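Just so we're clear, the structure is a prediction, and the values are computed from it rather than from any experiment. Atoms within each ligand, like the ligands themselves, are counted from 1 in listed order.
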Amino acid sequence: MSNHIETKCIHGNLDFSWDEPTKAVSFPIYQTATFGHIGLGHSTGFDYTREKNPTRQHLEEILTALEGAYDTTAFSSGMAAVTAVFDLFAPGDHMICSEDLYGGVTRLVNTIGKKNGLMVDFVNTGDLDEIKRVLRPETKALYIETPSNPMMEITDLSACAELAKEHNLLMITDNTFLSPYLQNPIALGADIVIHSASKFLCGHNDTIAGFVCSAKEELAAKIRLIAKTTGGCLSPFDSWLVMRGIKTLAVRMERQQENAGNIARWLTEQKKVRKVYYAGLETHPGYEINAKQARGAGAMISFDVDSVETAQRVLEKVRVITFAESLGGTESLITYPMKQTHPDVPKEWREKLGITDTLLRLSVGLEHVDELIADLEQAFVS
Ligand SMILES: Cc1ncc(COP(=O)(O)O)c(C=O)c1O
């Protein structure tokens with residue numbers, strides 16, 4: 001077993017003498033829906049792939065090691081993972097969420113969550129007083145993104161965990177933006193960590209997947225029951241693709257983050273850029289808290305430009321960078337949050353947060369940083 005995250009990305013918590021029967025170096029894809037029974041009441045431990053599959057199980061063990069969790073369940077998307085966590089709650093339960101969240105989660109809350117009787121308050125979770133202000137006897141959970149999508153707001157995870165403990169709340173953290181390479185919310189007191197593995201974990205813009213990592217046995221059992229019952233499981237082939245992606249997570253995150261730091265600093269000097277949102281800049285209000293709880297600021301930057309025309313020109317003129325949704329892969333992507341990731345967030349709410357028609361979000365990939373900067377430069381002036 002290793003203490004180093006680079007090794008865990010490849011071997012999880014496995015003992016190096018681990019005995020996959022064929023000794024295959026690349027874990028086999030068990031492309032099977034069902035498993036034969038040895039006899040009545042005797043199973044190999046695998047019965048039906050919706051519930052358990054060796055390839056998916058191997059991947060889940062790697063995530064458990066990376067997040068320091070008790071157990072991990074893999075889902076067919078990040079949203080399937082979020083939905084499974086929402087299924088823990090009953091009508092009348094109340095949840096407090098970060099107000100700046102991936103727009104798909106806001107949509108889930110405002111549509112299916114509401115229909116199912118879940119009550120939610122969205123607040124700036126970076127301010128503990130705001131959380132305390134909306135606490136009620138029915139409050140069951142705190143749902144946090146840090147850095148948040150797309151405004152890169154930072155929430156103090158240890159402080160929230162303390163508050164959650166005091167009020168008997170489940171603390172849920174979406175760790176998609178930093179990945180377990182840069183941040184481990186369970187070590188800071190979170191009960192559940194969610195990932196859209198479609199992003200940095202898989203890392204190649206070619207697979208949709210999600211994870212729920214549980215800190216405790218009882219919670220893990222509830223999530224496994226929900227997964228088995230509702231059926232949003234990750235396929236064996238996609239499990240293998242995510243597993244392969246994670247092998248290079250450490251080196252990808254390091255280089256993507258280095259590129260992002262250089263681009264963020266360059267953006268702050270551009271006349272057409274009004275504001276840069278990146279927690280790695282010392283001027284970011286969450287810089288110190290992020291530095292205390294994470295091992296870096298990651299590879300996501302949002303920035304506000306001087307006009308809608310500039311925003312439109314940048315989106316249309318970039319060539320090395322692709323104008324597309326999503327993030328975290330080897331290819332740099334630029335997104336227009338107002339229309340692509342957050343169209344279902346009400347306009348007044350978007351505007352309060354700063355998700356306006358001049359906001360762009362950049363996921364920095366692995367291309368040479370000079371070419372990425374040159375691409376943005378030509379897009380600003382052309
Ligand atoms: C922070 C965050 N969480 C969850 C999701 C949902 O994940 P998926 O697209 O894999 O369903 C996304 C998607 O963009 C995201 O950015």
Side-chain angles (χ1 to χ4, degrees), residues 59 63 67 72-87 95 97-113 122 125 143-155 157 172-183 185 190 192-213 227 230 232-235 238-239 241-242 245-246 256 277 279 294 297-302 322 324-329 331 333-345 353 355 359-364:
L59 169 67
L63 245 291
E67 281 294 11
T72 298
T73 307
F75 289 87
S76 56
S77 70
M79 284 315 299
V82 177
T83 303
V85 171
F86 273 48
D87 278 341
M95 190 191 276
C97 292
S98 298
E99 61 187 351
D100 185 41
L101 272 187
Y102 166 56
V105 177
T106 316
R107 181 173 56 228
L108 179 70
V109 167
N110 288 337
T111 55
I112 296 164
F122 293 93
T125 48
Y143 187 107
I144 296 162
E145 272 185 25
T146 179
S148 64
N149 182 1
M151 301 310 295
M152 311 297 157
E153 287 180 357
I154 301 298
T155 290
L157 290 173
I172 305 159
T173 305
D174 183 327
N175 203 25
T176 300
F177 267 32
L178 290 187
S179 90
Y181 182 70
L182 294 176
Q183 181 168 267
I192 289 183
V193 171
I194 294 175
H195 281 285
S196 166
S198 327
K199 319 298 185 197
F200 290 100
L201 284 167
C202 187
H204 292 75
N205 288 323
D206 58 9
T207 312
I208 300 290
F211 291 111
V212 177
C213 308
T230 57
C233 62
L234 190 63
S235 75
D238 283 349
S239 297
L241 279 173
V242 178
I246 291 175
Q256 284 175 251
Y277 303 90
M300 296 300 299
I301 305 168
S302 289
T322 305
E325 282 185 44
S326 202
L327 60 112
E331 298 81 6
L333 305 179
I334 194 157
T335 306
Y336 198 42
M338 188 184 96
K339 290 244 188 276
Q340 289 182 298
T341 53
H342 291 68
D344 294 323
V345 175
L353 294 174
I355 308 171
L359 185 81
L360 298 172
R361 192 193 73 186
L362 182 64
S363 169
V364 180

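The closest donor-acceptor contact from the side chain of Thr341 to the backbone of Gly103 lies at 3.5 Å or more, if one exists at all.
Taking CZ of Arg361 as the start and CG of Leu327 as the end, the distance is 5.0 Å to the nearest 0.5 Å. Atom CE of residue Met151 and atom CG of residue Leu359 lie 5.0 Å apart, to the nearest 0.5 angstrom. Ser179 OG to Glu67 CD: the interatomic distance, rounded to the nearest 0.5 Å, is 8.0 Å.
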Check ligand 1 for N or O atoms under 3.5 Å from a protein N or O and list each pair with its distance.
{"residue": "ligand 1", "atom": "3 (N)", "partner": "Asp174", "partner atom": "OD2", "Å": "2.7"}
{"residue": "ligand 1", "atom": "7 (O)", "partner": "Ser196", "partner atom": "OG", "Å": "3.0"}
{"residue": "ligand 1", "atom": "10 (O)", "partner": "Gly78", "partner atom": "N", "Å": "2.9"}
{"residue": "ligand 1", "atom": "10 (O)", "partner": "Ser196", "partner atom": "OG", "Å": "2.8"}
{"residue": "ligand 1", "atom": "10 (O)", "partner": "Ser198", "partner atom": "OG", "Å": "2.6"}
{"residue": "ligand 1", "atom": "11 (O)", "partner": "Gly78", "partner atom": "N", "Å": "3.1"}
{"residue": "ligand 1", "atom": "11 (O)", "partner": "Met79", "partner atom": "N", "Å": "2.9"}
{"residue": "ligand 1", "atom": "14 (O)", "partner": "Lys199", "partner atom": "NZ", "Å": "3.0"}
{"residue": "ligand 1", "atom": "16 (O)", "partner": "Asn149", "partner atom": "ND2", "Å": "3.1"}

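Residues Thr176 and Ser196 approach most closely at OG1-N, 2.9 Å, considering heavy atoms.
Every side-chain contact (heavy atoms from CB on, under 4.5 Å) that Val105 has, sequence neighbours left out, goes to Met79, Val82, Phe86, Leu101, Tyr102, Tyr143.
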